[in-house]
A.B. asks: 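Before I ask anything, here is the structure I am working with.
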Amino acid sequence: MKISNQIIIVIIFIALVFIIKDDYKSIYSKTLSYIEQGIGKSSDLQNKASELINSINSGNSINNDKLPEAIKAPGALVVSDDFLTRDLKNIKLSSKGVISITNKQRLDNGNLAPLKENSKLNFSAEKKLQDMFVKQYFEHVSPEGVGVGELGAQVGYEYIIIGENLALGNFKDDSALVDAWMASPGHKANILNKKYTELGVAVGKGEYEGKSVWMAVQHFGLPKSACPTIDGVLKSIIGIDQSNINAIESELASKRAKIDSGAIFEGMTTNGQIDSYNALVNEYNKLILNIKEKINKYNGEVRDFNNCIATVN
């Protein structure tokens, strides 16, 4: 009888082992199924995030670091003798006077808003003036290929559109100089351009082709600040978040491989490793949702900026 009881106990124990083993397999299988579902959700979000990030990267040349150049530079100014004088000693051209009279012309021709004097545009105009005297040319583009757009960039003027008027001659006064520009369709168009909001001017006398003569430069601009800004810091944060996402993806792949091997890792059983994996999946998903919000915000800024550019150009 005792032997029979022992046999029965052994049979029951073996049965319990198989039942527990089957239950463990079932739990492990279900847990892995949950993990796989988590990976699927993460991958879907990651694909969307990657698409959005790619859309940002593909738009860099349009809206982030380099603005579309819209440059207005009419041909060489043909000046009538009516605007000139032979009394060289009494010529007193001034940048302030040219700016004032330019704004009066805008007021008298369509009641246009006055152009605000900009120190950076004054600087770029002065650079142009001195460069023409030193290198003995009278063109919108220097012998080295530098134009008004490059000059604006050199002085740190971030613009949406920029334009230039040049004049060479011994003009009677500031009014005669601006009148000469107004008599030329291309130069007049710059002065009366509704899109410009800022102006810089340089005037000066020097030697050109063996003669003492005055030159004048007007630099017109619409600054980048006229359109909604694009947050460069936000774009950098998105890049950092993307690096973190890539790091977590690598860590998840490593954890998954250890779970699949069934080995004990860092003192954790398979179930412990699964819990650690799932916790990291949750962190990963939260980061994906967060970066998606940031990308949507950044893309909204890009769209607003591009819409503004479209209305200007």
Side-chain angles (χ1 to χ4, degrees), residues 61 65-81 83-86 88 91-99 102 115 117-172 174 176-193 195-196 198-224 312-313:
S61 62
D65 299 321
K66 181 174 176 58
L67 296 175
E69 289 191 356
I71 298 172
K72 310 295 182 183
L77 178 64
V78 178
V79 182
S80 166
D81 289 341
F83 303 115
L84 304 177
T85 181
R86 296 181 183 277
L88 303 184
I91 296 175
K92 294 181 180 179
L93 302 181
S94 69
S95 58
K96 296 291 185 182
V98 171
I99 292 172
T102 296
L115 299 173
E117 183 177 1
N118 181 279
S119 60
K120 289 183 179 179
L121 288 178
N122 279 340
F123 186 25
S124 64
E126 184 64 30
K127 283 172 68 72
K128 178 66 175 181
L129 181 77
Q130 297 303 325
D131 196 57
M132 289 191 294
F133 276 126
V134 170
K135 297 172 183 173
Q136 292 291 289
Y137 71 96
F138 181 62
E139 301 288 344
H140 288 290
V141 179
S142 75
E144 293 79 19
V146 176
V148 63
E150 290 79 12
L151 286 170
Q154 286 176 15
V155 301
Y157 185 75
E158 295 185 318
Y159 62 87
I160 296 171
I161 56 174
I162 194 167
E164 178 179 80
N165 278 352
L166 302 179
L168 183 152
N170 293 319
F171 297 92
K172 296 176 182 178
D174 295 331
L177 169 58
V178 177
D179 286 345
W181 274 322
M182 290 295 291
S184 169
H187 300 81
K188 178 180 180 180
N190 266 346
I191 290 173
L192 301 182
N193 192 326
K195 296 173 182 177
Y196 292 132
E198 298 179 336
L199 175 65
V201 172
V203 295
K205 183 174 68 172
E207 293 292 322
Y208 179 69
E209 295 183 345
K211 297 179 181 179
S212 180
V213 66
W214 284 77
M215 285 190 186
V217 180
Q218 284 181 316
H219 279 177
F220 305 87
L222 176 66
K224 181 182 176 182
V312 171
N313 294 328

A.B. asks: Does some side-chain heavy atom of Glu139 sit less than 4.5 Å from a side-chain heavy atom of Leu166?
C.D. replies: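 SC-SC contact between Leu166 and Glu139 ruled out.
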
A.B. asks: So, using side-chain contact (heavy atoms from CB on, under 4.5 Å) as the criterion, who are the partners of Gln130 when residues are at least two apart?
C.D. replies: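 Only Glu126 meet the side-chain contact (heavy atoms from CB on, under 4.5 Å) criterion with Gln130.
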
A.B. asks: Over all heavy atoms of both residues, which pair between Ile191 and Trp181 is shortest? Give the atoms and the distance, please.
C.D. replies: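 Minimum heavy-atom contact is CD1-CB, 3.7 Å.
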
A.B. asks: Can you find a pair of side-chain heavy atoms, one from Asn170 and one from Val213, that are under 4.5 Å apart?
C.D. replies: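 Yes. Closest side-chain heavy atoms under 4.5 Å.
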
A.B. asks: Give me the atom names and distance for the closest heavy-atom approach of Tyr208 to Gln136.
C.D. replies: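 What the structure gives for the nearest pair is CA-OE1, 3.4 Å.
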
A.B. asks: Suppose we screen for side chain to side chain donor-acceptor pair (under 3.5 Å). Which residues come up paired with Ser94, at least two apart in sequence or across chains?
C.D. replies: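 Here the qualifying residues are Asp174.
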
A.B. asks: Out of curiosity, Met215 CE to Lys128 NZ, how far, rounded to the nearest 0.5 Å?
C.D. replies: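 The CE atom of Met215 sits 9.5 Å away from the NZ atom of Lys128.
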
A.B. asks: If you take all heavy atoms of Gly206 and Phe133, which pair is closest and at what distance?
C.D. replies: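 Nearest pair, atom of Gly206 first, then Phe133: N-CZ, 3.3 Å.
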
A.B. asks: State the CG-OH distance between Leu121 and Tyr196, to the nearest 0.5 angstrom.
C.D. replies: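 Reported value, rounded in 0.5 Å steps: 10.5 Å.
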
A.B. asks: Just to verify, what does Tyr157 make a ring-ring contact (aromatic ring centres under 6.0 Å, His included) with, not counting sequence neighbours?
C.D. replies: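 If we apply the ring-ring contact (aromatic ring centres under 6.0 Å, His included) test to Tyr157, skipping adjacent residues, there are no hits.
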
A.B. asks: Does the side chain of Val98 reach to within under 4.5 Å of the side chain of Val178, using non-hydrogen atoms?
C.D. replies: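 Yes - at least one pair of side-chain heavy atoms lies under 4.5 Å apart.
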
A.B. asks: Working to the nearest 0.5 Å, report the span between NZ of Lys195 and CD1 of Ile161.
C.D. replies: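 The distance works out to 6.0 Å.
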
A.B. asks: Quick test of your reading: applying salt bridge (Lys or Arg N to Asp or Glu O under 4.0 Å), list the pairs with at least one residue in residues 206-219, sequence neighbours left out, ordered by first then second residue.
C.D. replies: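 Residue pairs passing salt bridge (Lys or Arg N to Asp or Glu O under 4.0 Å), neighbours aside: none found.
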
A.B. asks: State which residues pass side-chain contact (heavy atoms from CB on, under 4.5 Å) with Ser142; sequence neighbours excluded, sorted by chain then number.
C.D. replies: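 Asp131, Tyr137, Glu144, Val146.
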
A.B. asks: Looking only at atom types and distance, does a side-chain atom of Asn165 sit under 3.5 Å from a main-chain N or O of His187, one as donor and one as acceptor?
C.D. replies: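 A pair under 3.5 Å: yes.
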
A.B. asks: To the nearest 0.5 Å, what is the distance between CE (Met182) and OG1 (Thr102)?
C.D. replies: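 So the CE of Met182 and the OG1 of Thr102 are separated by 9.0 Å.
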
A.B. asks: Name all residues meeting the side-chain contact (heavy atoms from CB on, under 4.5 Å) criterion together with Ala125; count only those two or more places apart in sequence or in a different chain, and write none if there are none.
C.D. replies: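 Counting only residues at least two positions away or on another chain, Ala125 forms a side-chain contact (heavy atoms from CB on, under 4.5 Å) with Ala202, Val217, His219.
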
A.B. asks: Taking Lys120 for the side chain and Glu158 for the main chain, is one N or O donor matched with an acceptor at less than 3.5 Å?
C.D. replies: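 Here the side-chain-to-backbone pair does not exist.
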
A.B. asks: Please find the pair of heavy atoms, one from Ile162 and one from Gly152, that lie closest to each other, and give the distance.
C.D. replies: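 Shortest heavy-atom separation between Ile162 and Gly152 comes out as CD1-CA, 4.2 Å.
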
A.B. asks: Can you find a heavy atom in the side chain of Gln218 that is under 4.5 Å from one in the side chain of Asn190?
C.D. replies: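 No, side chains not in contact.
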
A.B. asks: Return the minimal non-hydrogen interatomic distance between Leu177 and Ala167, and the atom names on each side.
C.D. replies: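 Looking at all heavy atoms of both residues, the shortest contact is CD1-CB, 3.5 Å.
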
A.B. asks: Mind checking side-chain contact (heavy atoms from CB on, under 4.5 Å) for Lys127 and listing every partner two or more places apart, or none if nothing turns up?
C.D. replies: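 Partners of Lys127 under the side-chain contact (heavy atoms from CB on, under 4.5 Å) test: Phe123, Leu151, Gln154, Val155.
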
A.B. asks: Measuring from atom OG of Ser124 to atom CD of Glu164, what distance do you get when rounded to the nearest 0.5 angstrom?
C.D. replies: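 Here the interatomic distance stands at 8.0 Å.
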
A.B. asks: Between Asn122 (side chain only) and Val201 (backbone N and O only), is there a donor and an acceptor less than 3.5 Å apart?
C.D. replies: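 Such a contact is found between Asn122 side chain and Val201 backbone.
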
A.B. asks: Hey, what do you get for NZ (Lys92) to NZ (Lys205), rounding to the nearest 0.5 Å?
C.D. replies: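 Answer rounded to 0.5 Å: 11.5 Å.
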
